[in-house]
Amino acid sequence: MSEPESVRSTADAMSAAQMREALEALGLTQAGGARLLGVDGRTVRRWCTEEGKGAREVPPTVARFLRFLIGSRIEPAEVMKVLGNAPEPTTKN
C-alpha cells in the first residue's frame with residue numbers, strides 16, 4: 001500500500017478526491033470500501049463524488065479509520081477477518 005501525499009493529512013476532513021485515493025491506496029473498489037466500512041455502496045459513491053446533488057461529506061471517523069489503515073499498513077482483508085461474518089471487501093486486481 002502506498003500512501004498518497006494528499007491522504008497523509010492528520011486533519012479529520014477528507015475530500016472526495018482524497019477518499020478515492022485512500023480506497024486506491026488500500027486496493028479497494030468503491031464496493032469493497034462499502035463492505036469494509038459497513039455502509040451501502042451508494043454512500044461510498046456519494047463520498048467519492050466531488051460536487052452536485054449526490055455529493056456527501058466524508059465523516060471524520062471514516063477519514064481517520066482509512067488513514068489509520070493506510071498508515072499502519074493493515075490489509076482490509078485482515079480487518080474483515082477480525083470483524084467476522086462480513087464478506088471480504090472487493091479489491092482491485
Side-chain angles (χ1 to χ4, degrees):
M1 283 181 279
S2 64
E3 186 175 2
E5 181 70 32
S6 65
V7 177
R8 288 188 197 152
S9 169
T10 57
D12 289 341
M14 179 177 273
S15 69
Q18 289 172 321
M19 177 70 177
R20 291 189 304 272
E21 289 175 6
L23 291 175
E24 187 172 320
L26 292 167
L28 294 172
T29 62
Q30 289 181 9
R35 283 196 276 295
L36 173 70
L37 297 167
V39 299
D40 190 83
R42 290 174 292 192
T43 301
V44 173
R45 281 194 301 277
R46 289 177 182 138
W47 290 339
C48 291
T49 299
E50 287 296 332
E51 54 187 56
K53 186 177 180 181
R56 296 289 184 271
E57 189 173 309
V58 179
T61 53
V62 170
R64 293 182 76 186
F65 178 65
L66 293 176
R67 287 185 176 115
F68 168 77
L69 288 181
I70 293 167
S72 64
R73 303 194 189 288
I74 296 173
E75 294 292 329
E78 293 300 314
V79 174
M80 297 307 289
K81 285 180 192 175
V82 171
L83 296 175
N85 294 340
E88 281 199 28
T90 304
T91 57
K92 294 181 180 181
N93 293 331

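Throughout, residue positions are numbered sequentially from 1 according to the sequence presented. Just so it is clear, the structure is predicted and the values come from calculations on it, not from any experiment. Computed from heavy atoms alone, side chains included, the values below leave out hydrogens, waters and symmetry copies.
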What's the separation between atom [atom1] in [X] and atom [atom2] in [Y], rounded to the nearest 0.5 Å?
| X | Y | atom1 | atom2 | result |
| --- | --- | --- | --- | --- |
| Gln18 | Leu66 | CD | CG | 11.0 Å |
| Glu78 | Leu69 | CD | CG | 11.5 Å |
| Arg56 | Cys48 | CZ | SG | 13.5 Å |
| Leu37 | Thr43 | CG | OG1 | 10.0 Å |
| Asp40 | Arg45 | CG | CZ | 7.0 Å |

Ion pair present between Glu75 and Lys81, side-chain N to carboxylate O less than 4.0 angstrom?
->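 Salt bridge between Glu75 and Lys81, a charged N being under 4.0 Å from a carboxylate O: no.
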Linked, directly or transitively: Phe68 and Val79 (ILVMFWY side chains, under 4.5 Å):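 Yes; tracing contacts between hydrophobic side chains, which count when under 4.5 Å, links both residues.
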Over all heavy atoms of both residues, which pair between [X] and [Y] is shortest? Give the atoms and the distance, please.
| X | Y | value |
| --- | --- | --- |
| Thr49 | Ala16 | O-CB, 3.4 Å |
| Gln30 | Val44 | O-CG1, 3.7 Å |
| Met14 | Ala22 | CE-CB, 4.2 Å |
| Ile70 | Ala25 | CD1-CB, 4.0 Å |

message: Taking side chain to side chain contact (heavy atoms under 4.5 Å, CB included) as the definition, give me every residue that meets it alongside Pro59, ordered by chain and number, with sequence neighbours left out.
response: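 For Pro59 the side chain to side chain contact (heavy atoms under 4.5 Å, CB included) partners, ignoring immediate neighbours, are Trp47, Thr61, Val62.
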